[in-house]
Asker: 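One structure coming up, written as structure tokens, with questions to follow.
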Amino acid sequence: MSLAYQPLGAADDCPERPFTHPDHIRADVSHLRAIAASLRRYLAGPRPAPGRRPEVAHQTDAAGRPGRLVVCDEAALGTASALGVVGFFGQKRADAVAGRLDRVDEELLEEFLQHPYILAYCSQEL
């Protein structure tokens with residue numbers, strides 16, 4: 001099944017994609033806030049010596065689920081008066097090839113450094 005681009009309003013959903021239902025908004029916002037809090041704690045705590053960029057930290061949340069923080073521009077994160085956030089929620093396909101995903105993921109991390117307005121990338125398994 002192929003779905004065309006479909007803009008959704010705050011009260012809309014796409015029945016073919018149940019995760020778009022507005023009932024998910026409260027939990028989604030809660031997850032995003034938890035990730036933001038994790039990033040704030042990480043930035044405020046002891047950090048490794050400057051090295052490879054982007055800086056990548058692997059963490060586990062209170063429920064034991066793995067997460068990752070990728071810091072591309074710590075200085076801008078600390079001095080910005082307002083930041084925009086983009087949240088993506090998805091599911092890994094059962095037939096995904098782990099080695100291929102890892103290579104694409106590494107390329108993605110390097111690509112972030114080419115875009116000065118990407119300050120951090122955070123992911124959390126749900």
Asker: Would you indicate whether the side-chain heavy atoms of Pro22 and Ile25 approach each other to under 4.5 Å?
Answerer: yes
Asker: Looking at CD of Gln59 and OG of Ser123, how far apart are the two atoms once the value is rounded to the nearest 0.5 Å?
Answerer: 10.0 Å
Asker: Are Leu69 and Leu77 in one and the same hydrophobic cluster, where Ile, Leu, Val, Met, Phe, Trp and Tyr link if side-chain heavy atoms are under 4.5 Å apart?
Answerer: yes
Asker: List the atom of Pro15, the atom of Asp13, and the distance in Å for their closest heavy-atom pair.
Answerer: CD-O, 3.7 Å
Asker: Donor-acceptor check, side chain of Ser30 to backbone of Arg26, threshold 3.5 angstrom: yes or no?
Answerer: no
Asker: Could you check whether any side-chain heavy atom of Arg40 comes within less than 4.5 Å of a side-chain heavy atom of Leu43, counting everything from C-beta outward?
Answerer: no
Asker: Would you say His21's side chain and Cys14's backbone share a donor-acceptor pair under 3.5 angstrom?
Answerer: no
Asker: Verify salt bridge (charged side-chain N to carboxylate O under 4.0 Å, His left out) between Asp105 and Arg68, making sure each step is shown before the conclusion.
Answerer: CA-CA 12 Å; Asp105 191 57; Arg68 179 176 63 179; 2.5 Å; yes
Asker: Indicate if Leu39 and Leu32 have the same hydrophobic cluster label, given that clusters are the connected sets of ILVMFWY residues with side-chain heavy-atom separations under 4.5 angstrom.
Answerer: no
Asker: Does some side-chain heavy atom of Glu55 sit less than 4.5 Å from a side-chain heavy atom of Val70?
Answerer: no
Asker: Do the side chains of Val56 and His58 get nearer than 4.5 Å, heavy atoms only?
Answerer: yes
Asker: Does anything in residues 92-113 pair up under ring pair (Phe, Tyr, Trp, His ring centres under 6.0 Å), and if so which pairs, sequence neighbours excluded?
Answerer: Phe112-Tyr121
Asker: Tyr42: which residues meet the ring pair (Phe, Tyr, Trp, His ring centres under 6.0 Å) condition with it, sequence neighbours left out?
Answerer: none
Asker: Might you point out which heavy atoms bring Glu110 and Pro54 nearest each other, and give the distance in Å?
Answerer: OE2-CD, 4.3 Å
Asker: Do Arg100 and Arg103 come within less than 4.5 Å of each other through their side chains, counting heavy atoms only?
Answerer: yes
Asker: Check whether any side-chain heavy atom of Arg65 sits under 4.5 Å from a side-chain heavy atom of Thr60, and report yes or no.
Answerer: no
Asker: Which heavy atom in Leu8 sits nearest to a heavy atom in Asp12, and how many Å separate them?
Answerer: C-OD2, 3.8 Å
Asker: Is there a path of hydrophobic side-chain contacts, each under 4.5 Å between heavy atoms, that joins Val71 and Leu83?
Answerer: yes
Asker: For residues Leu108 and Leu113: do they belong to one hydrophobic cluster (side chain heavy atoms under 4.5 Å, members Ile, Leu, Val, Met, Phe, Trp, Tyr)?
Answerer: no
